[in-house]
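In listed order, ligands and their atoms are each counted from 1.
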Amino acid sequence: MLKNLNKTRRHILIGAALASAGMGLAHAADPIKVGLIVPMSGPFASTGRQVDAAVKLFLQQNGATVAGREVQIILKDDGGVSPDVTKRIAQELVARDKVQVLAGFGLTPLAFAAAPVATQAKVPMIVMNAATSVIPQRSPYIVRTGFTLAQVTAPMAQWAAKNKIKSVVTFVSDYGPGIDAEKVFVKDFTKAGGKIVASLRAPLRNPDYSPFLARVKDAKPDALFVFVPSGEGAAVLKQFTDRGLAQAGIRLIATGDVLDDDLMPSIGPAALGVVSSHHYSAAHPSPENKAFVAAFTKANKGMRPNFHAVGAYDGMHLLYAALKKTNGDSAGPKLLEAMKGQSWNSVRGPVTIDPATRDIVQTVYIRKAEQGDGGVFNVEFDKVEKFKDPGVE
Ligand code: PHB
């Protein structure tokens with residue numbers, strides 16, 4: 001009797017499971033949880049602030065439900081400096097909160113730390129910010145919606161070589177993305193006939209830029225090429241001006257991280273005339289971007305969106321597009337497959353997730369800092385379209 005009852009129960013349970021699986025929406029009512037890990041405090045808090053604002057704007061504009069599933073964001077502050085902290089947060093989000101997607105990742109060492117967690121849990125990990133080329137190779141579950149330093153540096157090296165810059169000192173932050181930028185600049189600029197006078201690296205933590213810039217002044221190159229992560233650019237610009245490098249006839253060229261739109265209002269006229277290369281400028285003249293900048297600025301007390309905001313806004317777009325494709329199925333491997341090969345018209349221009357590398361293919365722009373309405377902006381004047389991460393040897 002008891003045996004029969006158990007058997008019947010088991011049949012009912014199996015029947016219910018099959019019925020819901022057959023509907024293609026195994027858990028139609030369950031929310032999809034996204035663990036968003038970014039620095040909301042510490043030296044890189046501007047990245048977290050930008051990402052958080054962009055995700056909120058996306059949800060406000062597109063609704064918090066997609067393909068019948070509610071999307072819940074669980075925002076976690078990792079402080080931006082400790083890989084162990086980021087890894088522990090990722091583990092807790094997966095094990096305790098049962099998130100089906102991880103997203104954010106302000107800096108390369110933090111993305112590296114979370115990668116094995118994504119692999120083990122089979123959870124897609126949308127890297128919105130960190131930009132060292134090798135990151136997607138650290139987990140088959142990583143998809144990147146930001147950019148790579150190699151991708152934005154190569155066009156800068158070409159531009160410099162073609163524009164009467166014959167000798168350069170490179171100066172980068174001494175970690176993943178900085179080393180990528182240095183290697184690509186040195187390789188491409190040298191190949192195009194330019195001369196590298198010196199390659200300098202400053203520590204990521206507590207940098208004092210002045211002794212480095214004193215060395216650059218003595219070396220007298222035609223130009224100084226700089227990469228520092230977003231948030232640090234104002235200090236470099238100030239030292240460049242204070243030490244009289246511009247008066248000594250040394251041009252400043254940089255990746256757009258140095259003239260990050262979040263900082264542009266505080267950098268102000270010190271940026272005027274600086275040529276940089278990047279995938280996003282708040283001054284990008286498309287109607288889509290104008291609407292984005294207006295909505296973002298309005299919702300955030302006048303804050304300008306920067307490239308991290310766009311990496312996050314597009315990361316949300318990618319998640320929504322993939323969920324539409326799977327009819328709301330958030331099983332990790334399926335969701336990941338649905339992300340590969342997605343193309344859309346971003347506020348930065350057209351983008352594609354390369355299905356082979358899970359990295360973003362996009363336009364890289366050459367820009368010049370100019371006075372505009374409401375401050376100094378990076379005005380785009382040249383571009384390389386459909387540009388893939390060239391990788392770093
Ligand atoms: C990184 O750590 O990968 C990173 C952070 C900030 C940037 C660029 C790269 O602006």
Side-chain angles (χ1 to χ4, degrees), residues 37-40 42-51 54 78-83 85-87 103-115 125-139 142-154 156 170-185 201-205 207 225-237 254-264 267 276-282 304-312 315 348 359-360 362 364 367 378 389 391-392:
I37 312 177
V38 279
M40 297 299 294
F44 304 102
S46 76
T47 302
R49 202 170 58 229
Q50 289 274 347
V51 168
D78 67 2
V81 291
S82 164
V85 170
T86 306
K87 185 168 188 179
F105 306 102
L107 289 100
T108 290
L110 312 178
F112 283 165
M125 170 169 159
I126 304 174
V127 175
M128 296 168 159
N129 315 110
T132 300
S133 284
V134 78
I135 288 174
Q137 292 174 39
R138 292 292 181 98
S139 168
I142 290 178
V143 176
R144 174 153 45 197
T145 56
F147 72 113
T148 78
L149 259 304
Q151 188 177 42
V152 298
T153 298
M156 186 77 251
T170 63
F171 178 44
V172 301
S173 295
D174 191 5
Y175 79 120
I179 294 165
D180 278 7
E182 178 196 288
K183 284 187 175 167
V184 169
F185 193 94
R201 297 177 182 178
L204 175 63
R205 301 286 299 275
F225 166 77
V226 179
F227 160 78
V228 290
S230 50
E232 285 293 321
V236 175
L237 261 297
T255 65
D257 309 76
V258 180
L259 299 184
D260 158 13
D261 274 301
D262 191 78
L263 281 184
M264 282 301 269
I267 297 176
S276 60
S277 57
H278 231 203
H279 54 296
Y280 179 69
S281 165
R304 252 195 232 180
N306 74 358
F307 61 99
H308 287 311
V310 173
R348 63 183 112 170
D359 224 330
I360 192 158
Q362 58 189 335
V364 176
R367 317 94 50 87
N378 296 302
D389 168 46
V392 182

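- Without hydrogens or angle criteria, Glu232 side chain to Pro207 main chain gives no donor-acceptor distance under 3.5 Å.
- Considering only residues two or more places apart in sequence or on other chains, Ala150 meets the side chain to side chain contact (heavy atoms under 4.5 Å, CB included) condition with Ser133, Thr148, Val184, Asp389, Pro390, Val392.
- Phe44 pairs by the ring-ring contact (aromatic ring centres under 6.0 Å, His included) definition with nothing, not counting sequence neighbours.
- With hydrogens and angles ignored, the 3.5 Å screen pairs a side-chain donor or acceptor of Arg367 with a backbone N or O of Tyr280.
- Ring planes of Phe147 and His279: parallel class, angle under 30° (limits at 30 and 60°).
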Short N or O contacts of ligand 1 with protein, under 3.5 Å, listed by atom name?
unit_1   : atom_1 : unit_2 : atom_2 : d
ligand 1 : 2 (O)  : Thr108 : N      : 2.8
ligand 1 : 2 (O)  : Tyr175 : OH     : 2.7
ligand 1 : 3 (O)  : Thr108 : N      : 3.4
ligand 1 : 3 (O)  : Thr108 : OG1    : 2.5
ligand 1 : 3 (O)  : Ala131 : N      : 2.8
ligand 1 : 10 (O) : Ser230 : N      : 3.0
ligand 1 : 10 (O) : Asp257 : OD2    : 2.6

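- Every residue two or more places apart in sequence or in another chain that forms a side chain to side chain contact (heavy atoms under 4.5 Å, CB included) with Ala130 is listed here: Thr108, Ala111, Val127, Ile135.
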